[in-house]
Structures are given as C-alpha cells and as structure tokens.
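Below you'll find the structure, written out as structure tokens, and then a few comments.
None of these values were measured; they are calculated from a predicted model.
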Amino acid sequence: MLARRLPTSSAFTRRDAARLGVAAAILVGVMTAMLSVDILPSGFSARVGDVAPTDIRAPRTDTFTSQVETEAAREEARKAVPPQYDWSPERGQLTAARQVAAFDRAMQPVDAAFAAVLDEKARAKALAGALPGLSTASLETLQGLSTREWRDLRAEMERALEAAQRVEVRDTLLPAAREALGERLSPELAPAQRALAVEILGPYLVANSTYDAAKHAQAREEAALAVPPVSYTIKLGELIVQSGRRLEAVDIEKMAFFGLLDPQPDGVKLIGWLLLSTLTVGLLLAWVWRFRPMFWHRNNALLLVGFLLVMATLALKATGDRSVLPFFMPIATAGLLISILLDAGAAVIVLAVLGVLASVITGAVELGVFVLMGGTAGIVALRRGERLGNFIQAGAVMAAVNLVVVIIFGLLGEHDLTWVLQLSAASVAAAVGSAVAAVGTFALLGNVFGITTSFQLLELANPSQALLRRLLLETPGTYHHSLMVGNLSERAAEAIGADPLLARVAAYYHDIGKLANPLAFIENQAGMENVHDELTPEQSAQVLKAHVANGIDLAYQYRLPKAIIAFIPQHHGTALMSFFYARAKEQAVEAAGARPGTPEAAAAEAAVDAGRYRHSGPKPQTKEAAILMLADGVEAAVRSLTSQEEPAIRAMVERIFRERLEDGQFDECDLTLRDLERVREAFVAQLLGMYHRRIEYPQNKIVELESRRAAAGGGGPAG
C-alpha cells in the first residue's frame, strides 16, 4: 500500500529574498511613479481681489474644509437664535403659587360679602367696596351673581390663573397673555361672567420670564458650535477658479489648501503612494511565494502579473478624476487573463489588490466592490476558457453581478436614479469590454510571456500536427502508446483537479524522441529482431536515455511550448531502467563465475553502478508530470500482461505506483497520497474500458485458425 507522505518545503531562502527584492523594487517603483504623477501642483501668488490669470484646477481629489464658509454658516446660525429668557418650570410653579395666594387674599372680601346675610343694596355696596377697580359692566355682573354662582366662578378663575401662571409668560408678551385668559376659562361661562373673570384675573397674571442677555449670548455660541464644518469633496481636475474672475476669500482658502499659492512637490502624498504600492506589491508577491511556488520561480508568470497590475492601475489612474468613466474601464480583464494563463486563485488575489487601488485612487468604495465582485464572478464563469462560449458566459455573469452591485449601492442611498442608470450602462459595457479584451489578447499575451494557452494546447492536440503525423507514420507503435497514455492522463487529471488538457497534450508528445531511432523501442519493432539483443545492458540504457535528449531537441526544432517540453525529461524523472539493470547484474554474476545467491554473486551485483541505469531527470515538478510518469509506466506494463482481467490490472497498477513512490519520484511535486489513490482508481477504470472482453465471432475464429496453419506451413485452400 501507499504509505509515504510527499515532502514539501516552505523555507524562505536567500535566492527567494533576492527575487523578492528585485521584483518588488521594479513593481513598486513603477506603481509609485504612476500613482504620484500629480504630486507637483501648479499655481501662482494671489490675494483677495486679484484677477485669476488662468483657470485653476484641483491637482488631486480631496475633502476640503472651508473656514470662511464655516464661519459664515455659524454667523447665520447665531442670527437665527431667538432672544433667551430666564423662565423655568420651577419658577412657573412658584409664581403660580404666589399669585393664586394673592388672588385668594384679594377675593376674601368678596367671599365675605356673598357669605353675609345682606339685602341686595347692602350686598351691592359691599361688593363695590371689595373690588373698587371694576368696570361698571363687570360690577353689575358681579352684583347679579348668586352665592353659588360666585363660588363656581371663583374656583374657575383660580384654576385658570394657576394654569396660565405655570407656563412661560414673558414680560414682553404680558398684555397678550392677559387678553388670552378668557381662552383658559370654561366655555360654559356666560360672556358677561367671562368678561368679569378676565378683568378680575388680569392684575394677578404677572410675567415669570424676563430677557437674559448672558443666556442669549451662550445660546448663540452653542448654535454656532452645532454647525458642522463646511466640507465637500473636490475632484481631481475640478475647476477652482475661472480665468478672469476676482478672487474671493474662499478661493484663496482653496488654493492654499491644495498648495497652489506656493507650488511645491507634495512629499507627504508621495510617501503615501509609496507605502500603498509597497504594501500591495509586498502582499501580492508574498502570496505568490507562499501559495503559488510554481509561479514564484517563473519569471514569465511574475512578469505577466506585474504587467497586468500596472496596466489596470494605469487605467484607473487615468480615469480616476471622472465620476462615471472608471466604471466603464474593463479592469476585470486582468483577472480573466491571469485566470486563463495562470490560475483562478492568483486572479482573485490580483482583483482584490485592484479593488483596493480603485477605492483609494477614486475615493469610491463602490468602485472597489464593483471591480472585485464583477471580476470574481467572471473568473468563476470562465472556468478554463477553452471555448469562445466560456468568454460569452463570463461576460454575461459579470454584467449581472455588476448590475447587482450598482443596485445595492443605489438602495443604500449612495446615488439617485440617474446615477444608477448611468452606472448600469457602465456595468454592461465594462463586462462586455472585459470579455472581449480577454478573448482578444490572451493568446497574444501567452506568446509574449511564453505561457501556453488552452487554444495552443487544442491546436497541438490536433492529429494533423506535423510532429504527430511523423509519429504516426514513422513510429506507429509509439503513436498508439502516446494516445493511450493521453487518455489515461486526461482522466486522472480530471479526477484530482489538475489540467486534463495539458496532461493529454503532454502525453501525445512525451516520446517524440523515439523518432530518432524507432526500432530501438519494442512497440515499433512489429515482430522484427530486437536490437537490444546485440547490445550490452549499459549500451541499451544509453539508447533509452537518448530518446529524452532527442525529444527535447526535436521539440525545440518544432517550436513546441516550453510547458510541453518540460514533460519530456520529467516523464521518466530519475527512474531506474530496471530491466537493463537486472540484466547487467546477471551478466556481472556470470562474468564472476559465481552462483546466484552466494556472497560472491552479491558482491558482483553490488559492483554494478545503478546510476548508469537511471534517467537524468529532473523528477516530476507538477501534478500533470507525475500523472504522465505513472500513465506511461502503467500503459506499457498492462500491455505486457497475458491476462487483462481486473485483478491482474489492479495488481500491476499498484506495483507501478509503489515503485515510483518508494523511488522518491514524487518528492518535488505537490501530489498527495489522496491524489495518488484517485489517480490509481481512474487508471483502473480507464484500462478496464480499454481492455474489455469482446464477443468471439465464428468467422474471426476461422481466420485465426487458417493464419496459424499457414504460419506452420500446412498450406491452405487455393485462393
């Protein structure tokens, strides 16, 4: 059984440090230069009242806080504060209690007049003396009241006075408050009684609130402090002062804020862009080193990532001062291209970096979300990008996700309907543009950066390719073997999530070196004499080794992609040519005249240098190369079986896997034991399909018997 875990290494070496330093220095320098192109503003010396000699525009997007406009707004707030008075609820209660008590004391003579047993004249005289200041009409009304009516009216007046005195009664509004006393009395009172009550109560309703200058001044300052600073965002390139206009205080303030009165390089901003570039580039390269070591050691992969990052950042910087234009930019193209040419994980990380940069450059979080979400959706929909339909599908999905992002921010209140409609159009345009740009440039970029694309692989898999035609015509056995290995490799790659197209195409070309000497390989001998019968084991081993070097030479001659050429030496790795090694040991034992199993025989066998019978390597570096090594060995071994039933096939596959694993052939790739188990099952399933039993037709049996008779010289019926 498979019992060994494949070793991995994550040490950060000096070579990695040097690589990181060089890559980061170049990329950070380029990014900082692009992002900081606006650090040197232009302007002139000016004062309030001067005429602007030219249009003055903002050198960057920034939030401006105006002290001039803030002070003007605060002064308006001060003027809007009404006069302040010293009234309080407690003061109202005290005043109400005091005035009700005064009212009660003043009404005691009236109460006594109504309580005494007097005739009408005497009571009228007593009432006139009790309230000497009443008008004639009110006095007549009072004299006409019964004791009970007076008692009810008195209680109602006391209630109305207390209620009126408990609320604020400003000294400036006292006459109006006294006139309004009638509204506080019960509506059931007769008009004459109401007039009497208002006249009696008037003197007892006093002001309980007077103007407070100190409090008014404090309220004015509090109102001014409550006014927030007047701030607004000024976009890059926005007009600050129009040519020919006289400068006002706020214009001078804006120019000073942007450093336009004394133009100097914005060193602080330069440091900011430098730090941002360093942080994003550093994290991106660290991620590649940690999670994509196969890209870390490939200059073309790093160059591709850097190139796309720089181009996307340049597009964002060039349009960052326009409100809608950045949303039209096909930034997601970078993610799609990296997904096709490298892998989806790296593409998502680059999109995340671009999302951050988009938000910082434009000052709009929405654009960052727009870039990240839409681009990621496109990567998911694109898959491997092997067909044009994949790009169409990716464009449609990106457009849908972009629209959802725009609608979300619209619902959150970020934009009005007009803006949402504009961004909706931008969403579709950006998605379609990204898909079109990706399908139109990925093959070109693949050629420029030496990265094999799926379209190239599909073209190489075409049987009409010149090298495959040569393989078919000159080495038919090797051609058939390569096809079978391709089928095995493709199925196994699908089983473990590797690249099935790459594995299949690599299998087609892994043995092209046999074209240099076809008859040295048994599958091309077609019953002819085996040349290895005349060679020593070491000579035979050298012949077998030569097909690797010949294959590499032929691959370069036919300009195969380097990704395919790498499989030619890796499909054998440093494996031992066990057949010739065993024969060499047998011959060594015979030459020593020793009997097998004796110490002399063991010594003779030990004298044979195993290194001469090993391939030169390197060992497989990728999952696809490891699969090809296993498929190559399994196909040849299973073909040699006399019985191709399932137990025999399983046993042979198990033996090949164990030998390669114990020989350490997978130490330099990231193939896991679980992957090996899945590859093994995929091989067995494919081989059982290839070698399934067929019905024995009678006519086929007759032909077989006649061919045997003819071969034995028994003759046959005349033709």
Shortest non-hydrogen separation from T453 to G446 and the atoms involved: CG2-CA, 4.0 Å

CA sep, side-chain torsions, deciding dist, call: V353, L309, side-chain contact (heavy atoms from CB on, under 4.5 Å): CA-CA 9 Å; V353 170; L309 179 64; 4.0 Å; yes

side-chain contact (heavy atoms from CB on, under 4.5 Å) between L27 and V305, intermediate numbers included: CA-CA 10 Å; L27 198 50; V305 171; over 6 Å; no

Sub-4.5 Å side-chain heavy-atom contact between D62 and F257: yes

Side-chain heavy atoms of T333 within contact of M311, under 4.5 Å: no

Lys/Arg N to Asp/Glu carboxylate O, D86 vs K215, below 4.0 Å: no

Side-chain touch N208/Y85, heavy atoms, less than 4.5 angstrom: no

Backbone N/O of L189 and side chain of S186: donor-acceptor pair under 3.5 Å: no

Main-chain N/O of G182 paired with R194 side-chain donor or acceptor, under 3.5 Å: yes

Minimum heavy-atom distance L341-F442, with the two atoms named: CD2-O, 3.7 Å

Carboxylate-amine/guanidinium proximity below 4.0 Å for E168 and R170: yes

L445 side chain near I451 side chain, heavy-atom distance below 4.5 Å: no

Atom CD of E238 with >12 non-hydrogen neighbours under 6.0 angstrom: yes

Atom pair CG/CG of L367 and L372 - distance to nearest 0.5 Å: 11.0 Å

CD-CG distance between Q84 and D212, expressed to the nearest 0.5 angstrom: 8.5 Å

Side-chain (N300) to main-chain (F449) donor-acceptor, under 3.5 angstrom: yes

Side chains of D104 and V100 in contact at under 4.5 Å (non-hydrogen atoms): yes

Taking every non-hydrogen atom, the tightest pair across A164 and L181: CB-CD2, 3.7 Å

L423 side chain reached by E366 side chain, heavy atoms, under 4.5 Å: yes

Within 6.0 Å of CD in E75, more than 12 heavy atoms from elsewhere: yes

Under 3.5 Å donor-acceptor, D251 side chain and E248 backbone: yes

E253/V250 under side-chain contact (heavy atoms from CB on, under 4.5 Å): CA gap, chis, key distance, verdict: CA-CA 5 Å; E253 188 180 26; V250 69; 4.2 Å; yes

Inter-residue atom distance S427.OG - Q422.CD, 0.5 Å rounding: 11.5 Å

Verdict with reasoning, N402 to V406, per side-chain contact (heavy atoms from CB on, under 4.5 Å): CA-CA 6 Å; N402 288 345; V406 169; 5.6 Å; no

Considering all heavy atoms, the nearest M34-L314 contact: SD-CB, 3.6 Å

Heavy-atom check, side chain of I361 versus side chain of T313, under 4.5 Å: yes

Side chain T95, main chain R91, donor-acceptor under 3.5 Å: yes

Gap separating the CG atom of L337 from the CG atom of L382, nearest 0.5 angstrom: 9.5 Å

Rounded distance [0.5 Å steps], CG in L276 versus CG in L35: 6.5 Å

Main-chain N/O of Q67 paired to E69 side chain as donor or acceptor, under 3.5 Å: no

Side-chain touch I340/F391, heavy atoms, less than 4.5 angstrom: yes

is_close_aromatic(F370, F409), centroid dist under 6.0 Å: no

Gap between atom CG of L351 and atom CD1 of I338 - 0.5 Å precision: 7.5 Å

Nearest heavy atoms of A431 and G395, plus distance in Å: CB-O, 3.5 Å

Heavy-atom pair of closest approach, residues A312 and L354: CB-CD2, 3.6 Å

Lys/Arg-Asp/Glu bridge criterion (N-O < 4.0 Å) met for E71, R74: no

Salt bridge E162-R159, side-chain N to carboxylate O under 4.0 Å: no

N/O donor-acceptor pair under 3.5 Å between Q99 side chain and Y204 backbone: yes

Short side-chain to backbone donor-acceptor contact, R220 and V81, under 3.5 Å: no

Mutual orientation of the aromatic rings belonging to H216 and Y211 [parallel < 30°, tilted 30-60°, perpendicular > 60°]: perpendicular

